[in-house]
Amino acid sequence: MDSIFQPKQITIGENSLQDIGKCAKKQKITRLLVIIDKFLTTEPLNYDDKVNQMIKKENIVVTFFSDYQGEPTTDHLKAALSVAKKERINGVAAIGGGSAIDIAKATALFYRDPQMEWSAITKQDSLKRLPLIAVPTTAGTGSEATKVMVITDKKKGIKMNPGHSDLIPDIAILDPVLTSSLPKQFTAYTGVDALTHAIEAFVSTKANLATDQYALTAIQIAGRSLPVVYNDGRNIPAREEMLLASTYAGIAFSNASTNLAHAAGRALGSRFHIPHGLSVAVLLPLVMRFGLQEAPERYAQIAIALGENANKDIHELAEQSIQIIEKYCDDFQIWKDALNYIHLQDLQDNIDCLVKDALNGNGILTNRIVPSSSDIRKLFLNLVEKLNKVKAIKQV
Ligand code: NAD
């Protein structure tokens, strides 16, 4: 028997943000804290002003919080909680990427339950939290539909990522107009992150019939729309498809787990301060190759979802699934961009620590082949080799 957890309501469509006031009212919110990505509050976007108008119509008092930079930390959370307490809020909304949504999840939880220990979150039968609405502006992390929140502990320097089904937002609003301002490179990083969620969920040992449907649909939709939005960020129908793909991929992995690409990607991202999506994207083809022999029929289905002709040998299709992802990494400059963050000698010198961090991360035990430390070492050495080749070509 399997249970699937997801938001109670998913609202999707061009200008669906207009619904945010009604959604807040439905959640009985009267004093709302909106955690909003700072970029979205600048000219000419001014989403704080727009959202203020939308929410005030419902007689809801609204306060905005944008005082965070980069990916969220316990310091950002502390600042958000302090505003929340001062404003005596009774609901939280996030308008932003995974960073804004994860701060909102943590604020909703720790406002209601300040004594909660991070390490105890996953062990609770249920959590007390404020009502929560998520409006993703990247596509993405899928955080609007997942039970996970990722916050870096500033003191210990580690990324905490506890999961509990009560952390899934009540309502997700998927408005493609909001993602149309996302720059090309973040469109690529976050888009491949969504694909990675779906692919990892599909080959996870925790996959089930239901998560497979979300994962395969996400792979299919992202496969046709990601190249479109990368080349034309203002294509609203394709942006809408990417948002749905990201949400479905989020539901898939939230219920079936991510695996080695995320465990190793989180280790790499934390050590070299790489944007989350990029750190995962750069490892995805190498992780797929590691798992290929164990589940060729699953990789073949991934290739078919990505548009390959089904009328071929399973092993040929499985190999093609990797080639398609490698082509995305080439076309979207994923390898080249990784070189802006990673000094190759540093990567080589830090392999021991990376292996240790990856082994301690979530998603190792649900990988179809449970990787040993020497497997993960080889994975990072393969990354060094690949990036060396890219660097050599770049210098010619
Ligand atoms: P992000 O929220 O950090 O945003 C990335 C960049 O894009 C920022 O510079 C931001 O200002 C900008 N941006 C966002 N939306 C924009 C828009 N519409 N227009 C222009 N610029 C925009 O990136 P992300 O990849 O969405 O989130 C990363 C965080 O999410 C990491 O901390 C990661 O660990 C976490 N994460 C969480 C989950 C989960 O289930 N909770 C899953 C995967 C990753």
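Scope of the values below: all heavy atoms of this structure, side chains included, with no hydrogens, waters or symmetry mates. For the single chain, residues carry numbers from 1 onward in sequence order. Whatever order the structure lists ligands and atoms in, that order sets their numbers, starting from 1.
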Trainee: Can a side-chain donor-acceptor contact be found between Asp193 and His262 if the only test is distance below 3.5 angstrom?
Mentor: yes
Trainee: Which atoms of ligand 1 have any heavy atom of Ser181 under 4.0 Å away?
Mentor: 17 (C), 18 (N), 19 (N), 20 (C)
Trainee: Pick one of side chain, backbone, both or neither for how His197 approaches ligand 1, counting any non-hydrogen atom pair under 4.0 Å.
Mentor: side chain
Trainee: Numbering the atoms of ligand 1 from 1, which are under 4.0 Å from a heavy atom of Pro183?
Mentor: 20 (C), 21 (N)
Trainee: Can you list the atoms of ligand 1 that are under 4.0 Å from a heavy atom of Val148?
Mentor: 39 (C), 40 (O), 41 (N)
Trainee: If we only consider heavy atoms of Pro72, is any one of them less than 4.0 Å away from an atom in ligand 1?
Mentor: yes
Trainee: Closest non-hydrogen protein atom to atom 38 (C) of ligand 1, residue and atom name please, with distance?
Mentor: Thr141 CB, 3.9 Å
Trainee: Report yes or no: is the cationic atom of Lys184 (NZ for Lys, CZ for Arg) under 6.0 Å from the centre of the six-membered ring of Tyr230, at an angle within 45° of the ring normal?
Mentor: yes
Trainee: Could you say whether the N/O atoms of Gly98 and ligand 1 ever approach to under 3.5 Å?
Mentor: yes
Trainee: Measuring from atom 25 (O) of ligand 1, which candidate in Thr179, Thr190, Ile103 has the nearest non-hydrogen atom?
Mentor: Thr190
Trainee: Consider only side-chain N and O atoms of Tyr299 and Glu319, and report whether a donor and an acceptor are under 3.5 Å apart.
Mentor: no
Trainee: Would Arg298 count as a cation-pi partner of Phe202, with NZ or CZ less than 6.0 Å from the six-membered ring centre and within 45° of the ring normal?
Mentor: yes
Trainee: Side-chain heavy atoms nearer than 4.5 Å, only ILVMFWY residues, links allowed to pass through others: does that put Ile171 and Ile12 together?
Mentor: no
Trainee: Please state which part of Thr146 comes within less than 4.0 Å of ligand 1, counting heavy atoms only: side chain, backbone, both or neither.
Mentor: side chain
Trainee: May I ask whether Tyr189 places a heavy atom under 4.0 Å from ligand 1?
Mentor: no
Trainee: Determine whether Val280 and Val203 fall in the same hydrophobic cluster, where Ile, Leu, Val, Met, Phe, Trp and Tyr are linked whenever their side-chain heavy atoms lie under 4.5 Å apart.
Mentor: no
Trainee: Provide, to 0.1 Å, the distance between atom 1 (P) of ligand 1 and the closest protein heavy atom, together with that atom's residue and name.
Mentor: Ser99 OG, 3.5 Å
Trainee: Compute whether any side-chain donor of one residue and acceptor of the other, for Ser254 and Thr146, lie under 3.5 angstrom apart.
Mentor: no
Trainee: With a 4.0 Å cut-off, would you call Asp352 and Arg377 a salt bridge?
Mentor: yes
Trainee: Has ligand 1 got any nitrogen or oxygen that is less than 3.5 angstrom from a nitrogen or oxygen of Asp193?
Mentor: no
Trainee: Given His276, Met149, Glu144, identify the one with the heavy atom nearest to atom 33 (C) of ligand 1.
Mentor: His276
Trainee: Have a look at Leu182, Thr152, Ile95 and point out the one with the heavy atom closest to atom 22 (C) of ligand 1.
Mentor: Leu182
Trainee: If the cut-off is 4.0 Å to any non-hydrogen atom of Phe39, which atoms of ligand 1 fall inside it?
Mentor: 19 (N), 20 (C), 21 (N)
Trainee: Same hydrophobic cluster for Leu174 and Tyr47, using side-chain heavy-atom links shorter than 4.5 Å among ILVMFWY?
Mentor: no
Trainee: Closest non-hydrogen protein atom to atom 4 (O) of ligand 1, residue and atom name please, with distance?
Mentor: Thr138 CG2, 4.2 Å
Trainee: Tell me which protein heavy atom sits closest to atom 35 (C) of ligand 1, plus the residue, atom name and distance to 0.1 Å.
Mentor: Asp102 OD2, 3.7 Å
Trainee: Applying salt bridge (Lys or Arg N to Asp or Glu O under 4.0 Å) between Asp170 and each of Arg129, Lys26, Lys105, report the one that passes.
Mentor: Arg129
Trainee: State plainly whether the residues Glu294 and Arg368 are in salt-bridge range, i.e. N to O under 4.0 Å.
Mentor: no
Trainee: Which of the numbered atoms in ligand 1 are under 4.0 angstrom from any heavy atom belonging to Glu71?
Mentor: 28 (C), 31 (C), 32 (O)
Trainee: Please determine whether residues Leu216 and Tyr248 belong to a single hydrophobic cluster, defined as Ile, Leu, Val, Met, Phe, Trp and Tyr linked transitively by side-chain heavy-atom distances below 4.5 Å.
Mentor: no
Trainee: Please write down residue, atom name and distance for the protein heavy atom closest to atom 15 (N) of ligand 1.
Mentor: Thr137 OG1, 2.8 Å
Trainee: Given side chain to side chain donor-acceptor pair (under 3.5 Å), test Lys312 with Gln320 step by step and report yes or no.
Mentor: CA-CA 11 Å; Lys312 285 186 202 159; Gln320 275 174 329; 3.1 Å; yes
Trainee: Classify the ring geometry between Phe65 and Tyr68 as parallel (under 30°), tilted (30 to 60°) or perpendicular (over 60°).
Mentor: parallel
Trainee: Of all the atoms in ligand 1, which lie at a distance below 4.0 Å from a heavy atom belonging to Leu178?
Mentor: 18 (N)
Trainee: For Lys159, take its heavy atoms, then give the atoms of ligand 1 lying under 4.0 Å from any of them.
Mentor: 34 (O)
Trainee: Please list the nearest protein heavy atom to atom 12 (C) of ligand 1 with its residue and the distance rounded to 0.1 Å.
Mentor: Asp37 OD2, 3.9 Å
Trainee: Counting only heavy atoms closer than 4.0 Å, does ligand 1 sit against the backbone of Tyr68, its side chain, both, or neither?
Mentor: neither
Trainee: Looking at Val150, which atoms of ligand 1 are within less than 4.0 Å of one of its heavy atoms?
Mentor: 34 (O), 36 (N), 37 (C)
